[in-house]
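Report on the following structure.
Please read these numbers as outputs of a predicted model, since none were measured by experiment. Atoms considered below: every heavy atom in the structure, side chains included; atoms not considered: hydrogens, waters and symmetry mates.
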Amino acid sequence: MTQGGHGLSVVDLEVGYDHSILGPFTWNVAPGEILAVLGPSGCGKSTLLSTIVGAIEPRAGSVLLNNRNLGGVPIHERGIGLVFQEPLLFPHLSLIDNIAYGLRAHRVPRDHARARAAELLDWVGLNAVKDQRPWEISGGQAGRIALARALAPRPQALLFDEPYSALDSPTRLRLAAQVKELIADQHIPAIHVTHDQSEAEFISTHILHLP
């Protein structure tokens, strides 16, 4: 983990509410690297992600993506994909349309959006159930669909907020291995929040410990 450069960087970043402040942090997650943010519940891991993605203003410092300062840039224009602990899929949409949703919101033609979604369905191994609704599939499958949806717009960085915590251990390890390979293949930086030491060690290139 280098100090600045191409990738996802924070410079003298302080995050938090009122008197509960974390930082300052200065680091760079290079393309293809995964930084695991490790710490107990309530230590500020999700606040750090929310600040990087733009949902919360930093107390101080800067967030940069590929040397572009993201100060004042709206969430939808930052080029950062976010995968939550809960899949948060749209129950009324098919799986393929859940994945295509973000592209359609950016006015990508329906045929192109569904073609991109079909590529990602193949990657996560769920093309056979593309027309099913979220309530018809397992939690592990829903997690894979949420990942595919985050990847659909080809983000320049990915943030993971404890995405595997609801899954059984074999599924969690399998998905983590797939994501690690994907990050390397796509050559994009990623941050993975977890409270699980073994998961952090397995998936990450570097670990940031929060108290």
Margin query: When you compare the side chain of Leu147 with that of Phe160, does any pair of heavy atoms fall below 4.5 Å?
Written below: yes
Note to self: Nearest 0.5 angstrom please: Arg110 CZ to Leu103 CG, how far?
What the structure shows: 13.0 Å
Notebook entry, point to check: Just by modelled atom types, is the Val124 backbone N or O under 3.5 Å from a matching donor or acceptor in the Arg144 side chain?
Noted result: yes
Note to self: Side chains of Ser198 and Asp196 only: does a donor on one sit below 3.5 Å from an acceptor on the other?
What the structure shows: yes
Margin query: I'd like to know if the side chain of Arg59 reaches the main chain of Val15, judged simply by a donor and an acceptor atom lying under 3.5 Å from each other, with no hydrogens or angles considered.
Written below: no
Checklist line | Test side chain to side chain donor-acceptor pair (under 3.5 Å) applied to Asp131 and Ser94, step by step | finding: CA-CA 5 Å; Asp131 294 319; Ser94 66; 4.9 Å; no
Next item on the list: Return the set of residues passing salt bridge (Lys or Arg N to Asp or Glu O under 4.0 Å) with Asp97 (not counting sequence neighbours), or none when no residue passes.
Entry: Arg114
Check: Side chains of Gln197 and Leu38: does their closest heavy-atom pair fall under 4.5 Å?
Finding: yes
Next item on the list: Kindly indicate whether the side chain of Ile207, heavy atoms from C-beta on, has any atom under 4.5 Å from the side chain of His209.
Entry: yes
Check: Just by modelled atom types, is the Pro74 backbone N or O under 3.5 Å from a matching donor or acceptor in the Glu77 side chain?
Finding: no
Next item on the list: List the steps, then state whether side chain to side chain contact (heavy atoms under 4.5 Å, CB included) holds for Arg68 with Val73.
Entry: CA-CA 10 Å; Arg68 175 196 182 201; Val73 177; 3.7 Å; yes
Item checked: Check against side chain to side chain contact (heavy atoms under 4.5 Å, CB included), Val10 and Leu64 -> CA-CA 6 Å; Val10 300; Leu64 300 94; over 6 Å; no
Notebook entry, point to check: With a 4.5 Å limit on heavy-atom distance, are the side chains of Leu151 and Trp123 in contact?
Noted result: yes
Notebook entry, point to check: Are any of the side-chain heavy atoms of His192 and Val37 separated by less than 4.5 Å?
Noted result: no
Checklist line | Side chain proximity check, Lys45 to Leu210, heavy atoms < 4.5 angstrom | finding: yes
Notebook entry, point to check: How many angstroms lie between CG in Leu120 and CG in Asn127, if you round to the nearest 0.5 Å?
Noted result: 10.5 Å
Next item on the list: Taking the side chain as every heavy atom from C-beta outward, state whether Ser62 and Asn69 have any pair of such atoms under 4.5 Å apart.
Entry: yes
Item checked: Test item: Thr51 and Glu57 side chains (from C-beta on) under 4.5 Å apart, heavy atoms -> no
Item checked: Gap separating the CD atom of Glu33 from the OG atom of Ser204, nearest 0.5 angstrom -> 10.0 Å
Next item on the list: Can you spot which of Leu208, Leu159, Asp161 makes a side-chain contact (heavy atoms from CB on, under 4.5 Å) with Ile191?
Entry: Leu159
Margin query: Within this structure, what is the CG-CD1 distance for the pair Leu95 and Ile145, rounded to the nearest 0.5 Å?
Written below: 4.5 Å
Check: Is the count of non-hydrogen atoms from other residues, nucleotides or ligands lying under 6.0 Å from His112 atom NE2 greater than 12?
Finding: no
Check: Can the positive tip of Arg149 be found less than 6.0 Å from the middle of the six-membered ring of Phe90, inside 45° of the ring normal?
Finding: yes
Checklist line | Residues that Ala150 engages under side-chain contact (heavy atoms from CB on, under 4.5 Å), provided they are two or more places apart | finding: Val83, Leu158
Item checked: Distance in Å, Glu162 CD paired with Ser46 OG, rounded so as to fall on 0.5 Å steps -> 6.5 Å
Item checked: Glu136 side-chain N/O to Arg133 backbone N/O, donor-acceptor pair under 3.5 Å -> yes
Notebook entry, point to check: If you draw a 6.0 Å radius around CZ in Phe25, do more than 12 non-hydrogen atoms from other residues or ligands fall strictly inside?
Noted result: yes
Note to self: For Ile80, run the side-chain contact (heavy atoms from CB on, under 4.5 Å) check against Val63, Val53, Ile75 and tell me which one passes.
What the structure shows: Val53
Notebook entry, point to check: What is the distance from atom CD of Gln156 to atom CD of Gln186, rounded to the nearest 0.5 Å?
Noted result: 12.5 Å
Next item on the list: Please check if the side chain of Lys130 supplies one atom and the backbone of Ala117 the other of a donor-acceptor pair under 3.5 Å.
Entry: no
